[in-house]
Amino acid sequence: MLDGLAALYPDARCELHYETPFQLLVATMLSAQSTDAKVNQVTPELFRRYPDARAFAALTPEELAPHIQSIGLYRTKSKNIIETARILVERFGGEVPRDFDALVALPGVGRKTANVVLSTAFGLPAIAVDTHVFRVGRRLGLASGDTPERVEAELRQRIPMSEWAVTHHRLIWHGRRMCHARAPKCDRCPLWVDCPHGLKAARSGQKNQDPPVDNIGRVD
DNA sequence: ATCCCGAGGG
DNA sequence: CCCTCTGGAT
């Protein structure tokens, strides 16, 4: 299954746009209950105006909110991002700490966001379990736990540490391109033969033509 | 109506 | 554990 995923998405990577760990932290905080496409729509202008923690720390929520309003949950996010920026300036010299406990202690930063920053910005071993990783990991039979934290523990066991970061992104790509929450495209999914959910779908009628989709995971 | 790279409060 | 925060896409 892991090999199949790797073959399908050889170029899986983070799709949020950022220049620094701090910018990835902000982009990830913004991505809650939103899509990365929406986040990428506002961050270029946002990071041009406010490039680092010091710039964000000087803002009021009323100044920040209009820039991120289209993303949703904007009141909470404005407050949290500014407060996080202030803590980074006061206690971490304006830098993002490479430490899980320090990250989750920041307002608006939970387990998922902390793991994204650790693995994607710093290359440290971590698996962020977001809605896609949770859903797809369970459908593919890589995990069975009923909470993101349990699924994270299972994935840590089943996946070699050197593959944690890529596999995280492959699961997300698969979730976005094929294994949707609603109406997953099992009938067009090359992984269906190894997938409990795909086999179930095939049995219950949706004739699987198994036409290996060509390069859906490759970057142009 | 349901979901999107969630987190915090009660 | 359940609720709420939020706009946009499907």
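Below, chains carry the letters A, B, ... as their sequence lines are ordered, and counting in each starts from 1. Note that the coordinates shown come from a computational prediction; the quantities given were computed from them, not determined experimentally.
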Worksheet item: Are more than 12 heavy atoms from other residues, nucleotides or ligands located less than 6.0 Å from atom CZ of R91(A)?
Response: no
Worksheet entry | Whole-Å C1' distance, dG7(C) and dG9(B) | 22 Å
Discussion item. In this structure, how many angstroms lie between the P atom of dC5(B) and the CD1 atom of I127(A), rounded?
Written reply: 19 Å
Worksheet item: Under 6.0 Å between ring centres, would you say that holds for H17(A) and F47(A)?
Response: no
Item to complete: May I have the distance from K112(A) (atom NZ) to dG8(B) (atom P), rounded to whole angstrom?
Response: 12 Å
Worksheet item: Has R135(A) got a side-chain N or O lying under 4.0 Å from the OP1 or OP2 atom of dC5(B)?
Response: no
Fill in: Gap between atoms CZ and P, on R170(A) and dC5(B) respectively (whole Å)
19 Å
Discussion item. If only side-chain N and O atoms count, and only distance matters, is there a donor-acceptor pair under 3.5 Å linking E154(A) with S144(A)?
Written reply: yes
Discussion item. What's P107(A) touching, base or sugar-phosphate or nothing? Going by heavy atoms closer than 4.0 Å.
Written reply: sugar-phosphate
Practice prompt. Considering just the side-chain nitrogens and oxygens of T131(A), establish if one lies under 4.0 Å of OP1 or OP2 belonging to dC4(B).
Written response: yes
Discussion item. Please evaluate residues R177(A) and H174(A) with respect to the criterion side-chain hydrogen bond (donor to acceptor under 3.5 Å, both in side chains), reporting the C-alpha separation (whole Å), side-chain torsions for both, the decisive distance (0.1 Å), and the verdict.
Written reply: CA-CA 5 Å; R177(A) 291 160 174 72; H174(A) 192 53; over 6 Å; no
Practice prompt. Can you measure from OG1 (T43(A)) to CD (E45(A)) and round to the nearest 0.5 angstrom?
Written response: 10.5 Å
Worksheet item: Could you state the CD-P distance from E149(A) to dA7(B), rounded to the nearest angstrom?
Response: 12 Å
Worksheet entry | Distance, C1' atom - from dC3(B) to dC5(C), rounded to whole angstrom | 15 Å
Worksheet item: For I172(A) and dC3(B), what is the distance between atoms CD1 and P respectively, to the nearest whole Å?
Response: 18 Å
Discussion item. Please compare T76(A) and R182(A) by the position of their nearest nucleotide in DNA chain C and report the one closer to 5'.
Written reply: T76(A)
Discussion item. Tell me whether the count of non-hydrogen atoms from other residues, nucleotides or ligands lying under 6.0 Å of CD in E63(A) goes above 12.
Written reply: yes
Practice prompt. Answer with base, sugar-phosphate or nothing: what part of the nucleic acid does K38(A) contact at a heavy-atom distance below 4.0 Å?
Written response: sugar-phosphate
Fill in: Out of dC3(B), dG6(B), dC5(B), whichever nucleotide has its closest atom nearest the side chain of R176(A)
dC5(B)
Fill in: From dG7(C), dG6(B), dC5(B), nucleotide with atom closest to Q33(A) side chain
dG6(B)
Worksheet item: Looking across every strand, which nucleic acid part, if any, lies under 4.0 Å from L171(A) by heavy atom: base, sugar-phosphate, or nothing?
Response: nothing
Practice prompt. Would you tell me if any nitrogen or oxygen in the side chain of T35(A) comes within less than 4.0 Å of OP1 or OP2 on dC3(B)?
Written response: no
Practice prompt. Give G110(A) one of three labels, base, sugar-phosphate or nothing, depending on what nucleic acid heavy atoms sit under 4.0 Å from its own.
Written response: sugar-phosphate
Worksheet item: Distance between the C1' atoms of dG8(B) and dG8(C), in whole angstroms?
Response: 23 Å
Item to complete: Could you check whether E15(A) gets within reach of a base, just the sugar-phosphate, or nothing at all, counting any heavy atom under 4.0 Å?
Response: base
Practice prompt. Could you tell me the separation between the CD atom of E152(A) and the P atom of dC5(B), rounded to a whole number of Å?
Written response: 19 Å
Worksheet item: Taking atom P in both dT4(C) and dT2(B), what distance in whole Å separates the two?
Response: 16 Å
Discussion item. Under 4.0 Å, counting only non-hydrogen atoms across every strand here, what does V39(A) touch: a base, just sugar-phosphate, or nothing?
Written reply: nothing
Discussion item. With nearest nucleotide decided by heavy atoms, which residue, G108(A) or T28(A), maps closer to the 5′ end of DNA chain B?
Written reply: T28(A)
Worksheet item: Y74(A) has a side chain; which of dG6(B), dC3(B), dT6(C) sits nearest to it?
Response: dT6(C)
Worksheet item: Could you state the CZ-P distance from F134(A) to dA7(B), rounded to the nearest angstrom?
Response: 14 Å
